[in-house]
2 protein chains.
Amino acid sequence: MKITAQEEYGLRCLLQLAQANEEKGLTVKEIALGEGLSPAYVEKLLRLLGKGGLIHSVRGVKGGYLLNKSPQEISLGAVVRALGKIPTTREICDRFTGNRTSCIHIDNCCIRAAWETMTAAIHSFLDKTFLSDLVGGETKVRQALNHQTLPVLTRFPGNRGGGG
Amino acid sequence: MKITAQEEYGLRCLLQLAQANEEKGLTVKEIALGEGLSPAYVEKLLRLLGKGGLIHSVRGVKGGYLLNKSPQEISLGAVVRALGKIPTTREICDRFTGNRTSCIHIDNCCIRAAWETMTAAIHSFLDKTFLSDLVGGETKVRQALNHQTLPVLTRFPGNRGGGG
DNA sequence: TAGATACTTGACAAAAGAGTCATGTTTAGG
DNA sequence: CCTAAACATGACTCTTTTGTCAAGTATCTA
C-alpha cells in the first residue's frame, strides 16, 4: 500500500498551479524549478493531469499551464483518479486472480470486505479535501485536517472473538 | 495508491493458515492450491511472513507452515508491515526528493499533513482489525466491519474557502 | 518570416515489482 | 542409508513503473 510517484509529484505540480497567478498560470520550467523535478518529467505529469481534465495549456511564447477550475473545486480524489487511481474493489478482485482467469474467492471473499471498508474511507477523505485546503502553510493545513478526523475507521467492538 | 500483490496474496496465504488446523498447519502445496497461486510464489510469500515473525515452518515429510500466534492476535497492520509496509510520512518525504538529495518542501509541506492524516487513519483501521475478523463468510465480515466504520476521515467543516 | 519560447508526443532506458526456477537442506519411513 | 516429501534460498526473467530524450507544433516579437 503505497503512494505512487505520479500521485505525489502530480499533486505537487497541481498545488504549484493552485498557488500561482490564476490568469497567467506557470510554465513547465517554473514548476520544475519549484518542485526540484526535471522539466521533461513535469511535462509528462502535466499531460496526465490534462487528460484528466484538471488543467489546460496555452502554447507559444507567453504560454503555460492553468487550472481548469478553482482550487476550491478540485478535490484530492479527482487528482488521485487522474494520476494513478485507487482501484475499486472490483478492480482489485479482477487484478489478483493468481494463476486463474478469475479470483478463486470471487463468490465469497472476506478480504474484499476489508479493502472495501478501507478504500471507501480513503475516498471519503480525498473527496472532501480540496486543493485549496492544502494551501497556506503546513501548520494551518494540519490543524484544519485534524479537526474531527480522528478517531476513524473504528471497528464494531463486539466482534473480536473470530470464528464462524 | 494501490494494494501490492505481496500484500494481497500474502494476506490470503495467512488467512488460509488462520482457517487451518492449528496444530498441523498447511503445506505450501495446500496453500497454493487453495489460493490459485504457484507453489514457488507461495514459498516466497511465506518467507516474507516468516521474516516478519508471523509464521514458522516445520521441515521434512509431515512438515508445513503454522501461525506463531492465534488469529485473534494478528492484526492486519502487522501483516501489511511484514509484506510491504505503508510508508510513514517520514519515508514518503525521504522517497520523493525529485532531483535533490532531500525534498524541496522538507521544512514546510502541506501535502505531508494530508498524507499523515490519511495514513494514520489507515493504520488505525488495520491495527484494529485481526485475522480472526476476516474469518467466517463475507456477509458476516462485512457487517462487522461496517458497524461504526463510516463516516470516516471527515474534515473540519469551516475550512473550505482556501487561501491563506 | 525568421527566431525564441513554450507546449506535445511517442519512443526509449533505467529501476522496481512480480513471479519462476534450479538447487539445496531437513525429516519420516521403510 | 536410501527415498520421497516438504521447507529454504539465491538468482534469474518478465512486467510495470519511473523518468528521459528527441523531434515535433504553436505563438509571440521583431
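Here is the naming used below: chain letters follow the sequence lines, and residue numbers restart at 1 for every chain. All values below were derived from every heavy atom in this structure, side-chain atoms included, with hydrogens, water molecules and symmetry-related copies excluded.
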May I ask you to list the residues of residues 90-104 of chain A, by number, that have any heavy atom positioned under 4.0 Å from an atom of DNA chain C?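 Contacting residues: none.
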Please list residues of residues 12-27 of chain A whose heavy atoms come under 4.0 Å from any atom in DNA chain D, ordered by number; otherwise none.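 Per residue number, the list is empty: none.
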DNA chain D contacts among residues 40-50 of chain A, heavy-atom distance under 4.0 Å: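 Ala40(A), Tyr41(A), Lys44(A), in order of number.
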Ignoring hydrogens and angles, state whether a donor on the side chain of Gln72(B) or Ser70(B) is under 3.5 Å from an acceptor on the partner side chain.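 Yes.
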Pairs meeting criterion ring-ring contact (aromatic ring centres under 6.0 Å, His included) with involvement of residues 58-85 of chain B, two or more places apart: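 As it turns out, there is no ring-ring contact (aromatic ring centres under 6.0 Å, His included) pair with a partner in residues 58-85 of chain B once direct neighbours are skipped.
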From CG (Leu37(A)) to CG (Leu45(A)), nearest 0.5 Å: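 Atom-to-atom, Leu37(A):CG and Leu45(A):CG are 7.0 Å apart.
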Starting from Leu33(B) and following side-chain heavy-atom contacts under 4.5 Å between hydrophobic residues (I, L, V, M, F, W, Y), which residues can be reached?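 Via sub-4.5 Å side-chain contacts, Leu33(B) links to none.
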Please name all residues satisfying side-chain hydrogen bond (donor to acceptor under 3.5 Å, both in side chains) with Thr89(A), sequence neighbours left out, ordered by chain then number.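 Glu116(A).
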Can you list the residues that meet the side-chain hydrogen bond (donor to acceptor under 3.5 Å, both in side chains) rule with Ser102(B), with sequence neighbours excluded?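 With sequence neighbours excluded, Ser102(B) shows a side-chain hydrogen bond (donor to acceptor under 3.5 Å, both in side chains) to no residue whatsoever.
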Quick one: how far along DNA chain D does chain A reach, first to last nucleotide 5' to 3', anything under 4.0 Å to a heavy atom?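 Contact span on the strand: dT18(D) to dT29(D).
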Using the salt bridge (Lys or Arg N to Asp or Glu O under 4.0 Å) criterion, which residues pair with Lys29(B)? Sequence neighbours excluded.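 Residues passing salt bridge (Lys or Arg N to Asp or Glu O under 4.0 Å) with Lys29(B): none at all.
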N/O to N/O distances under 3.5 Å, protein versus nucleotides 13-16 of chain C:
none

Quick one: ring pair (Phe, Tyr, Trp, His ring centres under 6.0 Å) partners of Tyr41(A), sequence neighbours excluded?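 Per chain and number, Tyr41(A) pairs via ring pair (Phe, Tyr, Trp, His ring centres under 6.0 Å) with Tyr9(A).
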Quick check on dT8(C): is either OP1 or OP2 less than 4.0 Å from any side-chain nitrogen or oxygen of Ser57(A)?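 Yes, Ser57(A) has a side-chain N/O under 4.0 Å of OP1/OP2 on dT8(C).
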For a quick check, with a 4.0 angstrom heavy-atom cut-off, what is the B/S/- contact string for nucleotides 23-30 of chain C, read 5' to 3'? -BBBBSS-
